[in-house]
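Worth knowing before you read on, the calculation uses all heavy atoms, side chains too, and leaves out hydrogens, waters and symmetry mates. All chains are named by letter (A, B, ...) in the order of the sequence lines, taking the proteins before the strands, and each is independently numbered beginning at 1.
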There are 2 protein chains.
Amino acid sequence: MSAADRLDHTMLALADPTRRAILSRLAKGEARVTDLAAPFEISLNSVSKHIRILERAHLVTRRRLGREHFLSRNARALDEAAAWIDGLRHHWNQRLDRLERALERRS
Amino acid sequence: MSAADRLDHTMLALADPTRRAILSRLAKGEARVTDLAAPFEISLNSVSKHIRILERAHLVTRRRLGREHFLSRNARALDEAAAWIDGLRHHWNQRLDRLERALERRS
DNA sequence: GATATATTCACCCTAAAGTATGAATATGTC
DNA sequence: GACATATTCATACTTTAGGGTGAATATATC
């Protein structure tokens, strides 16, 4: 899978408030599907689907212990997304810097 | 519109390679819809819709001059997205730091 | 074995994304 | 006015997201 495909999945995974809340919750450490679902009014099934989207983006990883599935955070994909956005921000700013320097030379 | 809604729109807008390419292109400065569409094989109409999604996310702004529409980048939304991701990354890392310190105290 | 718990699988539905085509609108040029 | 250019509007189609319900699977407990 290409870097572009990975970014597609990561950004899409981040484009939902339930999934962002799940990621925040995982800062506290591993949690079961039921634990992650508790704060929300949606069905366990829906949460399970959100988790699958987070897994596809490699934002979380799963560890099975008996009948319980423990989810934990995975920093790699988040780092990639942050790197892409920061790269674009710097790209945009560099252009602005060049414009400013050009304007200074004319004045 | 809430901050969560804005993040939804921004992240979704960033979850497509065509739109990310358009944003990169805009680092070079303003461009018309036709200019932005040139590198892609999809129809002008499709590009127009992608631009609308970027506008909804406030990632680009539009300036009309006669029959031409000039699009330019808008840093604010990108800054918000970067801030959210960095906030989560630090949140995750702080937790890891605390775990490490706790392990050190036990050893 | 019987029952309860944790999670997913298999569908179904609705809304939206993503693409396309052709018409409409607005503006520029001759 | 006639014609070309730039962009959007209207519509249609396919795919996917996001939610639901109920059945199935796997595991734990009695």
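In terms of phosphate contacts, B/H69 brings no side-chain nitrogen or oxygen within less than 4.0 Å of OP1 or OP2 of D/dA6. Dashed line: the shortest gap from a side-chain N or O of B/S48 to OP1 or OP2 of D/dT7 is not under 4.0 Å.
In this structure, A/H9 and A/L59 have side chains that are not in contact, with every pair of non-hydrogen atoms separated by 4.5 Å or more.
Following rounding to the nearest Å, B/I51 (CD1) and D/dT8 (P) show an atom-to-atom distance of 6 Å. Straight-line distance from the CD atom of B/E68 to the P atom of D/dT8: 12 Å, rounded to whole Å. For the pair A/L36 CG and C/dA6 P, the computed distance is 13 Å after rounding to whole Å. Rounded to an integer number of Å, the gap from CG of B/L14 to C1' of C/dA17 is 15 Å. One atom, CG of A/D35, and another, C1' of C/dT5, lie 13 Å apart when rounded to the nearest Å.
At a non-hydrogen distance threshold of 4.0 Å, B/G66, B/R67 from residues 58-67 of chain B come into contact with DNA chain C.
Ion pairing between a basic and an acidic side chain is recognised when a charged N comes within 4.0 Å of a carboxylate O; B/D79 and B/R76 show no such pairing.
In this structure, B/L12 belongs to a hydrophobic cluster whose other members, linked by side-chain heavy atoms under 4.5 Å apart, are A/L12.
Screening residues 8-19 of chain B for salt bridge (charged side-chain N to carboxylate O under 4.0 Å, His left out), with sequence neighbours left out, gives A/R20-B/D8.
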Requested in this report: Would you mind building the protein contact string for nucleotides 15-23 of chain D? One character per nucleotide, 5' to 3', B for base within reach (heavy atoms under 4.0 Å), S for sugar-phosphate only, - for untouched.
Outcome: --SSBBBB-
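Summarising the geometry, atom NZ belonging to A/K49 is positioned 13.5 Å from atom OG1 belonging to A/T18; distances are rounded to the nearest 0.5 Å.
Looking only at atom types and distance, the side chain of A/N45 has no donor-acceptor partner in the side chain of A/S48 under 3.5 Å away.
With sequence neighbours excluded, the residues satisfying salt bridge (charged side-chain N to carboxylate O under 4.0 Å, His left out) with B/R63 are B/E30. With sequence neighbours excluded, no residue forms a side-chain hydrogen bond (donor to acceptor under 3.5 Å, both in side chains) with B/S24.
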